[in-house]
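Working notes, beginning with the structure itself.
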Amino acid sequence: MRHLAVIGSGPAGYYTAEALSRQFGDQVHVDIIDRMPVPYGLIRSGVAPDHQSIKAVSRRYEATALTENVRFVGNVSVGRDVSIGELGEMYDAVILATGAPADRALGIPGDDLPGVLGSAAFVGWYNGHPDFAALDPPLDVAAAAVIGNGNVALDVARILAKAPQEFVGSDIVSHAFEALGNSAIRTVTLVGRRGPHQIAMTPKELGELGHLARATPRVDPADLPPAGADAALEPGLRKSVGHLRAFSVLSGEPKEVTVDFDFFARPVRIEGEGKVERLIVERTRLAADGAAEGTGETYAIRCGLVVACIGYRTPPIPGVPYDERLGRFANQEGRIAPGLYAVGWARRGPTGTIGTNRPDGFMVAEAIAADQPDPAGKPGRPGLDALLAARGVDVVTFRDWQKIEAAEAARARAGAPREKFVDLAEMLAARGA
Ligand code: NAP
């Protein structure tokens, strides 16, 4: 039997378990270890709560989880409960599928003022991640600035702009649903340091902004390149830019909330007395290499909340080679060191859709088969179980998770699929129900 440990139960972790099962058939035991008592990582706490169809991919992961040779080992933190070195002794290979759950820092003066948040924190808050459940973002302010022109910035702007009735059918947690229902925010400014042709927003997600009940997206026509220039764009981006063009010619009175696209604006500092009051940006233009080039002209965007949606980093693990510049594990096509591999965002950085992580699983399965044609007779599951029992670790099984899942469904708001537990003790207690 080949014993493999996958660290992280998000998309990359489960796609990898699926690929390893295909590669090695019934000759493999895969343990998926997660520090949370609940599986699915980004699907549960990253994907927007009003995008339930995307979250439905978890059914595929569940099918993998329920196979004979795959096991979920929840509530076990690598680094606290067991070290990477110990796992290396017990498993033929350890595969890091830890994602990129940490915010990239803005790195400008004032970015530590109260009211300045990263998207991991803000998204984690409205998705009920226990680490961020107590975030309490300032929503009693008139305006918010959302920095970045990617899909996460779009998610955050949309969630801030939506009317309460538009969350029907979503699994937004009650604390966020109530706080957003009482929000005073009426202006959301999406701050992009480059222009409309440089956005990283996909057309479906951008198009949604045009159909919100109480919000109007607005684009300054002067920011748009001549329409003829769109022909050179790849089709998806061309479609996205088409939405921006439509937002630039909206007629009639804007609705109660406006989502203003502010292009060619690079954040330079954040100001305020004890809390954020203004985001200072510098006008930019595109340099010949496509980068944002400052013009020296600055102006202020008044706001009481700043959410920086500028990308994520993989937290390093002591002793594991790490690429500081790229914010992920140092690896060659998934290989970090003998017996140690990385997949998904921990391997490539935070890019692509959920399905982009699937080929990573197959790549690493082939690499393991090539690197270690035969298993080395390591202890695997019984070894880990004995070690965790000796340390008094309260392991959560997939069967336990199914009980937590049922309890979350049972306490859901009308029309919602679930009301997530946002507290670790509550999650653990729900197993006993
Ligand atoms: P992203 O797509 O890489 O976008 C990051 C944005 O931040 C870019 O517009 C970037 O501008 C900007 N940025 C970076 N550093 C900045 C700085 N210092 N100041 C100002 N702006 C800065 O990342 P993301 O939005 O976090 O998304 C991560 C991945 O998840 C993406 O692949 C995304 O498509 C995916 N995702 C998909 C969905 C969906 O399909 N529904 C939803 C959420 C996320 P530059 O281009 O100028 O660098």
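Counting starts at 1 for both ligands and their atoms, following the listed order.
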Task: Distance-only N or O hit between ligand 1 and E205, under 3.5 Å - done: yes
Task: Any N/O pair L106/ligand 1 closer than 3.5 Å - done: no
Task: Interfacing atoms of ligand 1 (cut-off 4.0 Å, heavy-atom, P350) - done: 28 (C), 29 (C)
- [ ] Would you mind finding which of I310, V47, T356 brings a heavy atom closest to atom 21 (N) of ligand 1?
- [x] I310
Task: Any N/O pair T351/ligand 1 closer than 3.5 Å - done: no
Open item on the list: Can you classify the ring geometry of F261 versus F263 as parallel (below 30°), tilted (30 to 60°) or perpendicular (above 60°)?
Closed with: parallel
Task: Check: R194 N/O within less than 3.5 Å of ligand 1 N/O - done: yes
Task: Protein non-hydrogen atom below 4.0 angstrom of atom 45 (P) of ligand 1 present - done: yes
Open item on the list: Under 4.0 Å, counting heavy atoms only: does D155 come that close to any atom of ligand 1?
Closed with: yes
Task: Ring-face cation contact, F421 with R411, 6.0 Å cut, 45° max - done: yes
Task: For atom 48 (O) of ligand 1, closest protein heavy-atom neighbour - done: R193 NH2, 2.7 Å
Open item on the list: Does ligand 1 come near enough to V152 that some N or O of the ligand is less than 3.5 Å from an N or O of the residue?
Closed with: yes
Task: Sub-4.0 Å atoms of ligand 1 with respect to non-hydrogen atoms of Y312 - done: 26 (O)
- [ ] Starting from atom 35 (C) of ligand 1, locate the nearest protein heavy atom and write down its residue, its atom name and how far away it is, to 0.1 Å.
- [x] G352 O, 3.7 Å
Task: atom 9 (O) of ligand 1: the protein heavy-atom neighbour that sits closest, reported with distance to 0.1 Å - done: N149 N, 2.9 Å
- [ ] With heavy atoms only and a cut-off of under 4.0 Å, state how I147 meets ligand 1: side chain, backbone, both or neither.
- [x] side chain
Task: Residue from L42, I43, I354 passing side chain to side chain contact (heavy atoms under 4.5 Å, CB included) with K55 - done: I43
Task: ligand 1 atoms in contact with C309 (distance to a heavy atom under 4.0 Å) - done: 5 (C), 6 (C), 7 (O)
TODO: Could you tell me whether D111 and R269 have a side-chain N and a carboxylate O separated by less than 4.0 Å?
DONE: no
TODO: Look only at the side chain of Q332 and the backbone of R335, and say whether a donor-acceptor pair between them is shorter than 3.5 Å.
DONE: no
TODO: Examine distances only and state if a side-chain atom of R186 and a backbone atom of S183 form a donor-acceptor pair shorter than 3.5 Å.
DONE: yes
Task: Aromatic ring proximity Y40/Y14, centre distance under 6.0 Å - done: yes
Task: Distance-only N or O hit between ligand 1 and T353, under 3.5 Å - done: no
- [ ] Distance to 0.1 Å, residue and atom name: give those for the protein heavy atom nearest to atom 2 (O) of ligand 1.
- [x] A200 CB, 3.6 Å
Open item on the list: Taking the ring centre of each residue, are Y15 and Y61 less than 6.0 Å apart?
Closed with: yes
Open item on the list: If only side-chain N and O atoms count, and only distance matters, is there a donor-acceptor pair under 3.5 Å linking H197 with D230?
Closed with: yes
TODO: Decide whether the shortest distance between a heavy atom of R266 and an atom of ligand 1 is less than 4.0 Å.
DONE: no
- [ ] Could you tell me whether the side chain of Q52 and the main chain of P49 form a donor-acceptor pair under 3.5 Å?
- [x] yes
Task: Heavy-atom nearest neighbour in the protein, as seen from atom 4 (O) of ligand 1, with distance rounded to 0.1 Å - done: G150 CA, 3.6 Å
Task: Distance from atom 12 (C) of ligand 1 to nearest protein heavy atom, with residue and atom - done: G148 CA, 4.0 Å
Open item on the list: Given the ring of F177, does R413 sit roughly above its face, with NZ or CZ under 6.0 Å from the centre of the six-membered ring and within 45° of the axis?
Closed with: yes
Open item on the list: For the backbone of F264 and the side chain of R283, can you confirm whether one donor and one acceptor N or O come within less than 3.5 Å of each other?
Closed with: yes
Open item on the list: With heavy-atom distances below 4.0 Å as the criterion, list the atoms of ligand 1 near R104.
Closed with: 14 (C), 15 (N)
TODO: Classify the angle between the aromatic ring planes of F398 and F72 as parallel (below 30°), tilted (30 to 60°) or perpendicular (above 60°).
DONE: perpendicular
Task: N151 N/O to ligand 1 N/O under 3.5 Å - done: yes
